[in-house]
Amino acid sequence: MSLKPRPLRRGIPLRTIAPNAITALALCSGLTGVRFAIAQDWERAVLMIMLAAALDGIDGQIARMVRGESKFGAELDSLSDAISFGVAPALILYLWALMHVPKLGWIVALLYAVFCALRLARFNSQMDTEQPRKLAGYLTGIPAPAGAALAMLPLYVWLWSGEELARSPWIVTPWVAFVGLLMVSSLATYSWKSLRLRRNVRFEALVVLAILLAALVTAPWQTLTVLCVSYLATLPFSVQAYRRGRASSPSV
């Protein structure tokens, strides 16, 4: 009598639950930002997007720590990013300023969300292929969390200054469109995950991080403004550094 082969067990491994739960929490955080924007609670709306960015930064690390990487997790992460850093910021900015020019403002909000989705789709389509920029420590275009943070720069300025000019749709509209273009651009940008600190500067790096966290707690909107402007200032240097490294590398 021949034994029947046991059916293969299917399902999601238990070790993947923790990182996937964090990813789902990031998605919920981004959507909650929209809820606060509907209530015109702009500070909490921005904080929810920042929380989603923080959660997005740790879910992959936790997945690697527990060896819980999976294709399901990668797909869920992309869907979460598209909502938290594409759809949610677009709706928040529309409700805050773009709705004052309804047709043009909605077109720009749609374009921003679509560009974010296209940026993520391009990233996913290249995961199984050789990426010279990634190997060299660079990304193509700005990542989705950075795009969300940059898109809301006028909102930060308005929160700490109270200047109504920062809320003008004629300023916010081209700015959001510009950030959307940065996400789908072919610019070489620094990949912070590839940065490695030297041992002799690790203590100094901890001091800088402590100062940054203290600044975020005491003056969050001014600090976010400075961080966004600083990040924008790095873009010309990253493009130039990549071109220089590409020119100096031997041809194959």
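Quick note: residue numbers are just sequence positions, from 1.
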Distance col, row Glu164:CD vs Arg167:CZ, nearest 0.5 angstrom, shows 6.0 Å
ILVMFWY cluster, Leu139 and Leu118 together (side-chain gap under 4.5 Å):
no
Under 3.5 Å, side chain of Trp175 to main-chain N/O of Trp170, donor-acceptor pair present?
no
Is it true that Val208 and Leu224 fall in one hydrophobic cluster, defined by side-chain heavy atoms closer than 4.5 Å?
no
Residues clustering with Leu165 (ILVMFWY side chains joined when closer than 4.5 Å, directly or via others):
Ile171
Closest approach of Pro169 and Val101, non-hydrogen atoms and distance?
CB-CG2, 3.6 Å
Please find the pair of heavy atoms, one from Val172 and one from Ala166, that lie closest to each other, and give the distance.
CG2-O, 3.4 Å
Using the side chain to side chain contact (heavy atoms under 4.5 Å, CB included) rule, take Met99 and Trp106 through it: C-alpha gap first, then chi angles, then the decisive distance, then the call.
CA-CA 7 Å; Met99 66 183 299; Trp106 186 243; over 6 Å; no
Side chain to side chain contact (heavy atoms under 4.5 Å, CB included) involving Leu25 - partner list, sequence neighbours excluded:
Leu55
Do you know which two heavy atoms are closest between Pro19 and Asp59, and how far apart they sit?
CB-O, 3.6 Å
Which donor-acceptor pairs under 3.5 Å do the side chains of residues 29-37 make with protein atoms, sequence neighbours left out?
residue	atom	partner	partner atom	Å
Ser29	OG	Met48	O	2.6
Thr32	OG1	Cys28	O	2.6

With the 4.5 Å side-chain cut-off for hydrophobic clustering, are Ile142 and Tyr242 part of the same group?
yes
Can you tell me which residue pairs pass the ring-ring contact (aromatic ring centres under 6.0 Å, His included) test with a partner in residues 220-241, sequence neighbours excluded?
none
Checking Arg119 side chain against Ser185 main chain: does a donor-acceptor pair fall under 3.5 Å?
no
Is Leu155 linked to Val229 within one hydrophobic cluster, defined over Ile, Leu, Val, Met, Phe, Trp and Tyr using a side-chain heavy-atom separation of less than 4.5 Å?
no
Is there a donor-acceptor contact under 3.5 Å from the side chain of Tyr112 to the main chain of Leu181?
no
Report yes or no: does Arg122 contribute a side-chain atom to a donor-acceptor pair with the main-chain N or O of Val184 at less than 3.5 Å?
yes
Result block: side-chain N/O donor-acceptor pairs under 3.5 angstrom for residues 73-98, not counting sequence neighbours:
residue	atom	partner	partner atom	Å
Ser78	OG	Ala74	O	3.4
Ser78	OG	Asn124	OD1	3.1
Ser78	OG	Asn124	ND2	2.8
Ser80	OG	Thr23	O	3.3
Ser80	OG	Leu27	N	3.4
Ser84	OG	Ala26	O	3.0
Ser84	OG	Ser80	O	3.1

Atom of Gly141, atom of Thr189 and distance for their closest heavy-atom approach
O-OG1, 2.8 Å
Check whether Leu232 and Trp160 end up in the same hydrophobic cluster, where Ile, Leu, Val, Met, Phe, Trp and Tyr are linked by side-chain heavy atoms less than 4.5 Å apart.
yes
Any sub-3.5 Å donor-acceptor pair from Ser238's side-chain atoms to Ala188's backbone N or O?
yes
Test side chain to side chain contact (heavy atoms under 4.5 Å, CB included) applied to Ala219 - qualifying residues, sequence neighbours left out:
Gln222, Thr223
